[in-house]
Amino acid sequence: MTCQKTGHNFTKIAFKPLHTNLFNIVLLSIFLSLGSGKLYSQDITKKKTAISANKQADTTNLDTSKKNTPTIILKKETDSIKKDSVKPQKAFLDGKVRYKADQYAKIDQKKKLITLYDKAELYYQDVELKSGIIVMDYEKNEVYAGRIKDSTGAYTQYPNFKQGANVVEPDSIRFNFKTKKALIWNSRSDQGEFKIKATITKKENDSVYFLKGARFTTSKDVDNPEYYFQTNKVKFIPGKKVVTGLTNMVIANVPTPIALPFAFFPMSKETSISGLILPSYNDSNTRGFSLQNLGYYFALSDNYDLTVLGDYYTNGSYGLRFESSYAKRYNYRGNLNVRFENLITSERGYPDYLKQNIYNIQWSHSKDSKSNPNSSFSASVNLGSSKYFKQSINQVNIGSNLNNTLSSSISYSKTFTSVPQVRMSLTATHSQNTQTEEINMTLPTLQLSVDRIYPFVGKDGVKKGFFKNINLQYNLNGRNNIVTTDSLFFKPQMFRDAKVGFQHSIPLSTNFKLFKYFSASTSMNYEEIWYTKTIERSYDVDQSKVVDKTINGFDAFRTYSFSSSVGTTIYGTFNFGNDKKIKSIRHVMRPSVSYGYTPSFEKYYDTYASDASGTMKQYSRFESGIFGAPGLNNSNTLGFDLSNTFEAKVTDKDSTKVEPKKIMLLNNLNLSTSYNLDADGVTTLAFSPIRVSGGTTLLDNKMNVNFGATLDPYAIDNSGNRINVFNIDNGGSLFRMTSSNMTLNYSISSQGKDKTDKEKNTQSQRNGGREDDLFGTNTDLGDNRRSQFEEEEGDEGEDKISEFFNSKLPWDMTFAYSLTYGNNNRENKIIGNSIMISANADITPKWKAGVSTGYDFVQKGVTFTQLRFERDLMSWRMDFNWSPFGTNANWGFFIGIKSGVLSDIKWDKRSTINR
């Protein structure tokens with residue numbers, strides 16, 4: 001018989017009804033389609049069935065509402081006979097069953113079995129089951145699934161059982177739909193970072209499993225892991241926890257003596273959970289034995305967390321650290337680290353006994369521009385004790401140790417959509433010299449600017465010509481400047497010494513074309529400076545010195561200046577012929593001449609006695625102000641600047657290319673100098689030194705070359721002072737080179753990309769170190785699970801190279817060379833000459849090695865050197881780093897599990913730097 005709509009052949013089977021005194025039950029024909037290489041679906045639907053007492057009816061109906069998916073529906077029919085008081089029997093199943101198989105799907109009506117074979121799939125309620133063979137007993141509401149053998153006799157098509165969010169991959173499974181209980185053999189399941197395999201698993205209900213002969217691991221391959229935890233009795237609650245009996249750690253299938261009488265593993269579905277952070281043991285010759293990084297992690301919410309860590313040494317030294325990360329999608333993200341250490345050296349009563357407190361505060365914050373395009377807020381803070389990175393017991397950061405400056409910035413800006421537009425920003429800055437321990441802060445800086453106004457522009461809005469381009473602007477710069485030291489930081493004296501000032505400026509400018517080829521600009525600038533403190537200078541007879549007395553109160557001065565400039569661009573091309581390798585060289589020159597004039601503001605100057613004899617000198621009461629004092633002498637200067645670029649067209653090595661290849665010979669070659677029109681030849685000289693600077697790229701743009709020199713046309717006397725005599729008239733050359741410098745930076749990798757294109761070492765940079773690893777990598781002892789090497793996205797835990805040897809092993813190298821020449825006072829010598837190299841390579845697919853070193857040719861010594869090695873142990877990581885030379889000599893060894901869930905399973909041993 002053929003279905004007219006689907007075209008499938010099927011057999012119509014009719015069963016005679018079983019007669020009872022109450023009613024007749026008719027089992028309708030089951031539509032079953034079998035075909036080689038075709039997949040079919042069958043629905044068994046729960047229906048109540050009734051027919052007339054004395055009549056037999058064939059109620060087979062085909063539902064063809066779904067294309068190519070024949071379905072059987074049990075149809076209910078009624079007649080006028082009154083229903084019996086006896087309740088009808090309940091159907092076998094409580095829902096619809098869908099299934100399919102590749103080879104066959106058959107139904108045994110007597111045994112109430114449905115058998116599916118080869119790529120079998122069964123869907124019932126919230127259960128999804130895929131396997132080689134599936135047998136469903138729809139009378140007992142049970143299903144069995146197992147593997148099948150292929151042509152070679154190997155087991156294939158393992159069952160995949162999914163109920164809700166829980167997935168189990170066993171060898172075989174038996175499941176009851178009514179009780180929700182199951183018996184599972186050799187089950188495999190993923191729970192977060194854990195992979196679980198058990199010999200026998202008993203599913204008690206939707207939330208409780210009992211396991212026998214179980215293993216837990218974070219390895220990729222649960223059947224052949226490099227390590228696992230073996231236990232015989234387990235109670236498993238998916239998404240929440242695992243409680244075990246006696247648990248033993250097994251490495252490479254070898255049981256270890258590491259065992260616990262019971263164990264608890266959290267399995268929260270949340271991204272992070274609170275928990276204890278186990279410490280690492282260490283020892284120091286100067287501070288004794290220690291426990292480092294003991295702490296607790298608080299998962300406070302989905303938007304922020306808190307980590308509290310501590311260190312303790314047996315000589316009484318201790319450290320505390322508070323680390324928090326926070327984020328809100330499409331709004332902001334950041335992190336805050338507060339570190340404090342109480343360091344004790346030697347023992348009380350000894351002459352070298354020392355006790356000191358050091359601290360460091362780091363805060364970074366960034367705002368998503370999508371949250372408010374008219375305002376922004378950002379923070380990058382790194383402040384604290386100047387000696388923190390040199391003496392910290394929990395940082396091995398040579399880059400930070402050698403860096404002499406810590407800096408911070410917190411800024412808020414807002415744009416007011418008025419006409420004209422107004423921009424406002426508030427910025428707090430901090431700059432700290434770790435050598436002199438001097439701190440310079442602005443708390444805060446206020447900047448406000450009104451957009452340019454063109455008063456002579458017509459209704460058409462065209463800004464062309466001298467008058468139409470005239471524009472004016474208003475700028476306000478207010479500062480509260482504080483200069484202090486480490487010892488006075490945030491003490492009352494620090495705020496008493498603060499200096500406040502406001503700078504108002506109104507620039508009036510225009511630009512225009514001159515003689516078609518020249519671009520000209522001219523401007524006038526009016527400034528008004530407000531101060532809240534000024535000075536009064538006098539000679540103190542009692543102290544026999546000049547003293548400055550601070551005068552509190554508002555005071556101001558006003559200045560104005562004029563400037564103009566003319567410039568053009570000149571193009572020149574030297575052609576050598578199309579048959580030459582170098583076809584042409586293009587030279588672009590941009591000369592400009594500028595003039596600036598600022599008159600003398602002598603009215604803001606007073607006189608004072610500089611010594612006991614009454615010698616009078618001039619001073620300005622505004623000298624100590626933030627924005628300086630007005631000029632005493634006229635400034636009447638003429639400046640000259642010339643910038644050059646050189647570009648060549650050469651024959652491309654690729655013969656398929658038609659057009660010649662462009663290469664840059666010199667990115668820039670700049671010369672600048674100035675001439676003082678009011679020079680008197682005694683106190684001031686007419687010509688300033690000529691500054692020459694330039695740069696280019698070599699080796700396929702992978703090497704940056706920068707150079708500079710200062711050329712002085714004047715000679716010097718025996719004291720090294722410049723005199724009004726040209727150097728050539730004093731028996732020398734036309735110019736006297738007073739200084740010069742050259743730097744080379746070369747960075748390359750096996751992928752042919754500049755190493756600087758990779759993600760920078762932001763952690764080291766934030767801690768005050770360098771963005772590259774020329775001074776080694778930063779080691780934060782609080783988290784040794786991070787790799788010493790820069791890894792590309794997706795590298796972590798990935799076996800990118802499966803062979804033992806590959807001819808193209810990844811590597812990268814950074815090279816820096818610096819040369820400085822000094823001749824300011826006829827010393828004529830090289831004052832700086834050093835080279836630094838850093839290289840990293842994958843010497844095998846699982847081994848990484850790196851080195852950072854250098855040599856100082858002036859001091860004749862090796863600069864900071866670090867050797868790094870790392871071994872990828874799949875689920876584990878092992879690394880070793882060694883700095884063999886200098887005051888920062890140290891070594892460290894670490895081996896531990898990569899997974900954050902088991903990060904406390906580690907062994908960390910390192911020497912401490914004697915600080």
Side-chain angles (χ1 to χ4, degrees), residues 1-3 5-13 27-46 60 62-74 91-164 166-178 182-188:
M1 185 173 180
T2 304
C3 178
K5 291 187 178 181
T6 64
H8 293 121
N9 295 323
F10 65 93
T11 302
K12 182 176 180 181
I13 305 174
L27 294 177
L28 298 182
S29 303
I30 306 299
F31 178 70
L32 180 63
S33 296
L34 298 174
S36 177
K38 297 182 179 180
L39 300 178
Y40 299 99
S41 300
Q42 178 166 345
D43 295 341
I44 300 178
T45 310
K46 175 185 175 184
T60 303
L62 293 178
D63 181 0
T64 59
S65 60
K66 294 184 179 179
K67 189 176 181 181
N68 296 331
T69 309
T71 307
I72 298 301
I73 298 178
L74 303 183
F92 296 129
L93 299 177
D94 293 334
K96 183 182 292 185
V97 177
R98 295 183 295 112
Y99 58 83
K100 64 181 179 180
D102 250 18
Q103 287 201 22
Y104 66 79
K106 66 180 181 180
I107 297 179
D108 189 330
Q109 291 288 349
K110 292 183 179 181
K111 297 182 179 180
K112 313 300 183 188
L113 298 179
I114 300 176
T115 304
L116 312 174
Y117 189 82
D118 192 15
K119 296 182 180 178
E121 298 182 17
L122 185 143
Y123 303 90
Y124 176 68
Q125 293 182 344
D126 63 339
V127 173
E128 298 179 13
L129 181 59
K130 299 178 182 179
S131 184
I133 183 172
I134 299 176
V135 179
M136 179 179 178
D137 187 330
Y138 54 86
E139 183 176 32
K140 296 181 180 179
N141 285 301
E142 288 186 357
V143 65
Y144 166 81
R147 308 162 293 176
I148 62 174
K149 290 185 178 181
D150 59 12
S151 58
T152 63
Y155 283 106
T156 60
Q157 299 186 36
Y158 283 72
N160 184 292
F161 178 83
K162 181 179 180 181
Q163 185 178 22
N166 296 319
V167 179
V168 180
E169 296 179 346
D171 288 351
S172 58
I173 183 173
R174 182 179 176 183
F175 179 74
N176 189 291
F177 291 109
K178 292 289 186 182
L183 199 60
I184 308 168
W185 290 266
N186 289 329
S187 65
R188 300 165 186 83

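Each residue takes its place number in the sequence, starting with 1. Remember, predicted model here, so these are calculated numbers, not experimental data.
Y144 and E142 are not linked by any side-chain donor-acceptor pair at a separation below 3.5 angstrom, with hydrogens and angles left out of the test. In summary, the side chains of N160 and E128 do not present any donor paired with an acceptor at a separation below 3.5 Å, with no hydrogens or angles considered.
For the atom pair OG1 (T156) and CG (D118), the distance works out to 8.0 Å, reported to the nearest 0.5 Å. The structure places CD1 of I173 at 4.0 Å from CD1 of I184, a figure rounded to the nearest 0.5 Å.
Considering only heavy atoms from C-beta on, Y138 stays 4.5 Å or farther from V97 through its side chain. Counting only heavy atoms from C-beta outward, the side chains of M136 and Y99 never approach each other to under 4.5 Å. Residues V127 and Q125 form no side-chain contact, since every pair of their non-hydrogen atoms from C-beta on lies 4.5 Å or further apart. In this structure, S131 and R147 have side chains that are not in contact, with every pair of non-hydrogen atoms separated by 4.5 Å or more.
A donor-acceptor pair under 3.5 Å links the side-chain atoms of Q157 to the main chain of K119, judged by distance alone. Judged by distance alone, with hydrogens and angles left aside, the side-chain atoms of R188 form a donor-acceptor pair with the main-chain N or O of E169 at under 3.5 Å. A donor-acceptor pair under 3.5 Å is absent between the side-chain atoms of T115 and the main chain of V135, judged by distance alone.
Note on ring orientation: taking the six-membered ring where Trp is involved, the planes of F177 and Y124 are perpendicular (angle over 60°, cut-offs 30° and 60°).
Residue-environment remark: CZ (R174) stays at or below the threshold of 12 foreign heavy atoms within 6.0 Å.
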